[in-house]
Amino acid sequence: MSWFKRKTKGITTTTQEKKDTPRGLWYKSPTGKIVDADELEKNFYVSPEDGYHVRIGSKEYFEILFDDNKFKELDANLESKDPLKFVDTKKYPERLKAAQEKTKLKDAIRVGVGKSKGKDLVVACMDFAFIGGSMGSVVGEKIARAANYSLKHKVPLLVISKSGGARMMESALSLMQLAKTSVKLAQLADAGIPYISLCTDPTTGGTTASFAMLGDINIAEPGALIGFAGPRVVKDTTGKDLPEGFQTSEFLLEHGFLDFIVLRKELKARVNQYLDLILNQPLRA
Amino acid sequence: MEYLEFELPIKELEDQLQKCRLIGTESDVDVTDTCSNIEKKLIATQKEIYKNLTAWQRVQLSRHPNRPYTLDHIRAICGDTFLELHGDRGFKDDKAMIGGLGKIGDQSFMFIGQQKGYNTKTRQYRNFGMANPEGYRKALRLMKSAEKFGIPVVTLLDTPGAYPGLEAEERGQGEAIARNILEMTRLKVPIITIIVGEGASGGALGIGVGDVVLMLENTWYSVISPESCSSILWRSWEFKEQAAEALKLTASDMKKQKLVDEIIKEPLGGAHRDREKTFQSVSNAIVKSYEALKNLSPKELVAKRMDKYSQMGVFKD
């Protein structure tokens with residue numbers, strides 16, 4: 001049986017050389033359920049086993065919301081600069097470049113205009129994969145321009161938040177995006193154009209302190225983390241144990257900050273139902 | 001008077017000067033020359049130290065225990081005319097956020113600001129200047145009330161952040177700040193904002209959207225405190241000095257970025273060194289800013305304010 005014995009002790013394979021099952025075949029939900037990737041995709045990226053809403057990005061949300069996945073992307077080439085020459089353990093431009101290469105995205109948000117159930121809709125959707133969906137100048141500007149498009153063409157706006165908060169590497173410039181986006185939402189409100197905020201997992205920090213909480217309706221996917229201060233910060237500050245379900249969508253609904261929770265497979269129907277009702281239009285099928 | 005570490009050379013000279021004067025009064029020795037020499041040295045040392053402050057040293061000055069706080073400013077500026085108003089009409093009266101009416105000359109202003117305490121007991125009472133949602137809602141109530149009667153609003157910012165507490169989250173800290181920011185962008189009366197201490201993130205901006213935004217010389221304004229930034233990006237609390245530099249949070253950095261309009265000079269050694277002079281400068285700045293805004297129609301005022309904030313941001317198109 002000597003052929004069965006290890007020649008050297010321990011595991012010597014480097015991480016890079018380890019063989020893994022090909023990515024994208026299976027998905028394991030947090031409750032441990034194993035789901036086939038194709039099946040997951042067919043089910044709006046929601047685990048059919050336990051209803052867990054898997055984190056997805058703008059590509060998938062556009063697919064879900066726009067008829068036949070047809071839409072026009074606005075300001076697709078807007079990119080971040082490094083006005084503060086920000087360096088922490090890495091230089092900010094290096095972080096940006098790495099994120100762009102990893103995600104194939106330009107920044108943490110994309111804006112699409114297209115038909116949803118036959119009527120125009122502007123959708124600004126954040127991508128958490130890009131530096132934690134952090135909001136810097138580009139995110140602020142793209143939301144502002146999306147709102148400008150809505151104003152000009154009188155088209156409702158949906159913003160899908162998925163963000164850890166403001167982007168530290170642009171410091172106060174990031175902070176001022178809270179004000180900038182709010183200016184545009186105030187203008188939309190004054191013009192009587194509906195604005196819907198969809199909070200997805202996670203929606204925290206600066207996004208919560210601005211556009212994510214300012215919808216004519218605020219809605220959320222089930223089980224999303226939504227809050228101003230992150231749970232760890234709250235725990236560290238107060239020294240208290242956090243109650244179960246603290247800062248989840250269900251918690252926010254219970255405390256009066258959401259209008260309703262929407263399943264992803266019903267998202268398109270509910271958004272358009274609300275728009276038809278608030279605009280006093282005939283309900284689309 | 002309490003001293004920061006980099007101020008210790010000043011303390012030493014001040015102690016020397018005091019001793020020297022004491023000798024002069026208690027004995028027949030003529031100390032005039034010695035005293036004036038020490039005085040000269042003291043002024044030179046002060047100038048030297050405060051000329052080259054690092055970002056982190058300014059952060060420390062903004063938190064100086066003897067620094068004048070919001071109510072100190074208001075009481076000095078308005079004297080007996082100040083009438084404090086309380087409560088958000090929904091939940092309670094937040095002691096970390098104060099507000100009320102007062103006069104400068106013949107003009108009434110609505111003052112709003114975060115308030116810190118000056119000893120252990122009052123610091124707790126004021127929750128270290130960290131407002132809860134009801135604080136922001138109280139601020140908004142007062143702003144709307146000012147708008148109704150055409151009274152200009154002055155907000156004084158001094159907070160280490162909005163309170164990150166359990167109940168604060170339950171009552172919608174994010175929503176409260178977001179609502180304030182939105183309503184401030186379209187408030188139909190002039191808003192003058194002055195950062196008088198710490199300007200930490202959303203907690204500061206929640207009362208900080210103004211037609212004119214001013215910073216006292218030794219204050220800071222940023223999306224995050226240097227300590228928290230250090231703990232997140234460097235994964236350690238030890239890099240606060242670097243974080244303070246990187247965040248470009250000083251008054252002159254903020255002016256360079258065109259995110260604030262003017263810097264209000266502080267007396268040599270900081271606001272706490274000559275409080276009266278500081279109050280006078282703040283009062284003058286409010287009057288000057290108001291003079292420039294008072295003749296704009298509400299429509300012009302709001303359009304200008306919205307335009308100003310729409311311009312903020314740096315990106316490649």
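Lettering of chains follows the sequences in order, A, B, ..., and the numbering in each one begins at 1.
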Between [X] and chain B, which part of the residue has a heavy atom less than 4.5 Å away: side chain, backbone, both or neither?
X: A:Ala144; value: neither
X: A:Gln177; value: side chain
X: A:Thr89; value: both
X: A:Phe211; value: neither
X: A:Val87; value: backbone
X: A:Asn77; value: backbone
X: A:Phe246; value: side chain
X: A:Arg145; value: side chain
X: A:Asn148; value: neither
X: A:Pro231; value: neither

Side chain, backbone, both or neither: which part of [X] has a non-hydrogen atom closer than 4.5 Å to chain A?
X: B:Leu249; result: neither
X: B:Met184; result: neither
X: B:Arg186; result: side chain
X: B:Arg171; result: backbone
X: B:Phe239; result: neither
X: B:Leu205; result: side chain

query: If only atom types and distance count, is the side chain of B:Glu175 paired as donor or acceptor with the main-chain N or O of A:Phe257 below 3.5 Å?
result: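 No; zero donor-acceptor contacts below 3.5 Å.
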Under 3.5 Å donor-acceptor, B:Glu169 side chain and A:Phe228 backbone: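 Judged by distance alone, yes, a pair lies under 3.5 Å.
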Approximate separation, where rounding is to 0.5 Å, of A:Leu252 CG and B:Glu170 CD: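 It comes to 10.0 Å.
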field: Atom pair CG (A:Leu84) and NZ (B:Lys256), whose distance is rounded to the nearest 0.5 Å
entry: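 So the CG of A:Leu84 and the NZ of B:Lys256 are separated by 11.0 Å.
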Where is the tightest heavy-atom contact between [X] and [Y], given as atom of each residue plus distance?
X: B:Val314; Y: A:Ser137; result: N-OG, 3.0 Å
X: B:Pro164; Y: A:Thr237; result: CG-OG1, 3.5 Å
X: B:Tyr221; Y: A:Ala172; result: O-CB, 4.3 Å

message: For the NZ atom on B:Lys95, are there more than 12 heavy atoms of other groups (residues, nucleotides or ligands in this structure) within a distance under 6.0 Å?
response: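 More than 12 within 6.0 Å, yes.
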- request: In sequence, state the C-alpha distance, the side-chain angles, and the governing distance for A:Glu170 and B:Lys248, and then conclude on salt bridge (Lys or Arg N to Asp or Glu O under 4.0 Å).
  value: CA-CA 9 Å; A:Glu170 294 183 32; B:Lys248 302 282 188 290; over 6 Å; no
- request: Let me know which of A:Lys235, A:Gln247, A:Lys240 forms a side-chain contact (heavy atoms from CB on, under 4.5 Å) with B:Leu166.
  value: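 By the side-chain contact (heavy atoms from CB on, under 4.5 Å) criterion, B:Leu166 pairs with just one of A:Lys235, A:Gln247, A:Lys240: A:Lys240.
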